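Inspection log for the structure reproduced underneath, given as structure tokens.
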Amino acid sequence: MSDALATELPAAPAEPRPRLRDRLHPAALWATRRRAALLAGVVGVLVYLGSLRDGFAYDDVAIIAGDPRVRGLQLLEIFRLPYWRNQADLAIYRPLTTLSFAVDWLVSRGYPWFFHAINALEHGVVCALVFVLLAELFTVPAALLAALVFAVHPVHVEAVANVVGRAEVVSAIFYLLAILVWVRRDGDRRIGRLALLALLYAIALLHKESSATLPAALVLVDFALGSWRLQWPSLRGYLRRAWPMLATLAVVLAGYVVWRVHVLGRMTPDITDPTFDLPMPASARVMTALQAWPIYARLLFFPRILLADYSPRILLPTFEWTALGLAGLGILTLVLVAGADALRRGRGRTALALLWFPLAMLPVSNLLFPIGIVMAERTLYLPMLSLCVGVAAGTEWVIARRPRARRAFAVAAGVALVALAARTVARVPVWDSTNRVFYALEADRPDSFRAWWHLARVARSEKKPNLEMSRYERAMRLWPYRKGLVFESIGRAIENRRIAEARNLSSFAVSRWPREVTAQRYLASTSLDLGDTARARIALRAGLAIDPADSTLVGMAHAILPSALPRPGAGAAHPRRGSAGPPHPVATTAAGAGATPPRGRP
């Protein structure tokens, strides 16, 4: 009877499939790490969809469109030459980054939108990896919120929307993958895992030099995970387990350094930043570099103003302590002391939040050695993970300690994410072209000499000589120490038939760089054009003393100063007694900013 009734009863209805709205609810998204990682990655891509309309801007023009290795997929040349093909003195070697550009060019036939699409997708991958790493340390909701902050933070715009920022993004992918391979190890001495770790490290290094910090990052993450403590028994045991990893990565790093020096002929550049165009001892380099740290703090916590360039007068070289430099020293010292205290107390996640930033910034900070640029927002890409660790820790604290404040915290976090995303979306179109980058820079910081220099070139292309020369004058007033700017201004003044103005600028150049034959040549020629043969003779004598074989000076001397020509076999004469010697380098930031070239026409 029971069997008959069972056959007559209808089957139980299938459980209804959850509605899309329910599946997209935060609780459902947090249910699995996979969904949360996907969400972080998708958001990271969405905020950069606007970059698909951008073209090649700023360094893209030279490194991508202007590099025959990229346009022709010249594999051997990519690995045999520096990143900046004709500028080994910049000491940058990123062959895999250049190779990725070459592959993109081959696939897309050089269309910029494809390059930008790849950058956006790679940023999405980094966002997903950031979540996966943070989920090893925090709860899924806290890790997701922190990963979303990473995804939409405006400080990343330069790294993602400017195509050459790919070096930061892709190196971060392999850097984070290496960390995940290490923290998820199931055996410290497994050959396969160590080989994979070494491969990921090498790939990261060949995309960006700053990946060299990976071994220290692995040790720091292990501390955050509780693998060791700042006590000798614990530390000794950890070193026994970790020495195969450390030794393997040390071999990879040594091999990279040897090959890098072989290609470049040097390890680091000789100058802190070529835009300064000033000789700087190590002490001045460090004091100048510390001035960037308060700006780092502002960009992390209040990134309303974003700049494509931080050359003078936005950041000035300094030869003595300034208030900004002292503030930077205070910030760095406070972070390091607090991080060391967290290590001592065994507070792993706090130590990670505090020490990750200075560790990741160390190779690009100018504190240990010059890097060729004083500051760039793209260098904050991987160091920004430090802020994300702090966000995740704060989220967990609120959820655990303040249950009544959860709703308010969720609203505040949502508003903050929307505001950050909106700033990112608004900033992305600025990287449409080089001209737009510098117009934005001039609007945000009218004291940027590089903005006015570039805008002078824009006016030249538009055949507006009056506007062109006024912009050159503005750039010169802001930073008269850049030799290329001064000589370019003189050349443009001559081309625009402003001979008196060119002669004034030439006189300034001679007083600034008396041993520069180009300055003497300009001064002699402009003085002749104005009929001032006496001043022309002085400049000719000085120029021929520097370079007796200069054809332009010799030609002018044949016409007005035959007695000044060197006799066969005679050595170069010394400059005329009483002529101005080379000016002393900028003594302080304020004093350096005060020197200005002659203004306008006489």
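Hydrogens, waters and symmetry mates play no part in the numbers below; they use all other heavy atoms, side chains included. Keep in mind the model is a prediction, meaning the values are calculated, not measured.
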Between Asn162 and Asp60, does a side-chain hydrogen bond (donor to acceptor under 3.5 Å, both in side chains) hold up when you go through it step by step?
CA-CA 7 Å; Asn162 192 211; Asp60 294 348; 3.0 Å; yes
When you look at CZ of Arg53, are more than 12 heavy atoms from neighbouring residues, nucleotides or ligands closer to it than 6.0 Å?
no
Would a distance-only check, ignoring hydrogens and angles, find a side-chain to backbone donor-acceptor pair under 3.5 Å from [X] to [Y]?
| X | Y | answer |
| --- | --- | --- |
| Trp356 | Met384 | no |
| Arg471 | Leu455 | yes |
| Thr424 | Val152 | yes |
| Arg193 | Val181 | yes |
| Thr379 | Ala376 | yes |
| Glu377 | Leu307 | yes |
| Thr395 | Ala142 | no |

Relative to the ring of [Y], is the ring of [X] parallel (under 30°), tilted (30 to 60°) or perpendicular (over 60°)?
| X | Y | value |
| --- | --- | --- |
| Phe150 | His123 | parallel |
| Tyr481 | Trp479 | perpendicular |
| Phe115 | Phe101 | tilted |

Which atom pairs, one a donor and one an acceptor, fall under 3.5 Å between side chains of residues 360-367 and the rest of the protein, sequence neighbours left out?
residue: Ser365; atom: OG; partner: Leu362; partner atom: O; Å: 2.9
residue: Ser365; atom: OG; partner: Leu367; partner atom: N; Å: 3.3
residue: Asn366; atom: OD1; partner: Ile371; partner atom: N; Å: 2.9
residue: Asn366; atom: ND2; partner: Ile373; partner atom: O; Å: 2.9

I need the full list of salt bridge (Lys or Arg N to Asp or Glu O under 4.0 Å) pairs touching [range], with sequence neighbours left out, sorted by first then second residue.
| range | value |
| --- | --- |
| residues 198-216 | Arg94-Glu209, Glu168-Lys208, Glu209-Arg260 |
| residues 299-309 | Asp309-Arg450 |
| residues 112-128 | Glu122-Arg166 |
| residues 139-161 | Glu158-Arg378 |

Grab the two heavy atoms, one from [X] and one from [Y], that are nearest each other, plus how far apart they are.
| X | Y | answer |
| --- | --- | --- |
| Cys127 | Ala40 | CB-O, 3.5 Å |
| Gly50 | Val428 | C-CG1, 3.8 Å |
| Leu299 | His153 | O-CE1, 3.1 Å |
| Ala151 | Tyr48 | O-CE1, 4.1 Å |
| Ile314 | Ser448 | CD1-CB, 3.8 Å |
| Thr268 | Phe369 | CG2-CD1, 3.7 Å |

Tested for side chain to side chain donor-acceptor pair (under 3.5 Å) against Glu468, the lone hit among Arg460, Lys463, Arg492 is Arg492
Pairwise distance [atom1]([X]) to [atom2]([Y]) - rounded to 0.5 angstrom:
| X | Y | atom1 | atom2 | result |
| --- | --- | --- | --- | --- |
| Leu385 | Leu382 | CG | CG | 6.5 Å |
| Leu225 | Leu137 | CG | CG | 5.0 Å |
| Ser211 | Leu205 | OG | CG | 5.5 Å |
| Ser311 | Leu441 | OG | CG | 7.5 Å |
| Leu478 | Glu473 | CG | CD | 10.5 Å |

Could you go through residues 129-136 and list every donor-acceptor pair under 3.5 Å that involves a side-chain atom there, pairing it with any protein atom two or more places apart or in another chain?
residue: Glu136; atom: OE2; partner: Arg184; partner atom: NE; Å: 2.9
residue: Glu136; atom: OE2; partner: Arg184; partner atom: NH2; Å: 3.0

With sequence neighbours excluded, what pairs up with Glu396 under the side-chain hydrogen bond (donor to acceptor under 3.5 Å, both in side chains) test?
Thr139, Arg349
Test of understanding: with side chain to side chain contact (heavy atoms under 4.5 Å, CB included), list the residues that count as partners of [X], not counting sequence neighbours.
| X | result |
| --- | --- |
| Ala88 | Pro82 |
| Asp277 | Arg482, Lys483 |
| Pro294 | Leu324, Ala327, Ile331 |
| Leu90 | Trp84, Gln87, Ile92 |

Given the rule in the side-chain hydrogen bond (donor to acceptor under 3.5 Å, both in side chains) test, do His207 and Tyr175 qualify, once you have shown the distances and angles that lead to the verdict?
CA-CA 10 Å; His207 276 97; Tyr175 196 101; over 6 Å; no
Near-ring test [Y]/[X], centroid separation under 6.0 angstrom:
| X | Y | result |
| --- | --- | --- |
| His262 | Trp259 | yes |
| Tyr93 | Phe79 | no |
| Tyr201 | Trp182 | no |

Selection residues 429-440 - residue pairs positive for side-chain hydrogen bond (donor to acceptor under 3.5 Å, both in side chains), sequence neighbours left out
Asn435-His454
Intermediate values then yes/no, ring-ring contact (aromatic ring centres under 6.0 Å, His included), Trp293 and Tyr296:
CA-CA 5 Å; Trp293 286 74; Tyr296 296 152; 5.3 Å; yes
Kindly determine whether Trp453 and Glu488 satisfy side-chain hydrogen bond (donor to acceptor under 3.5 Å, both in side chains), including the steps that lead there.
CA-CA 10 Å; Trp453 187 359; Glu488 185 177 311; 3.1 Å; yes
May I have the step-by-step check of side-chain contact (heavy atoms from CB on, under 4.5 Å) for Leu73 and Leu99, ending in yes or no?
CA-CA 7 Å; Leu73 194 57; Leu99 179 60; 4.1 Å; yes
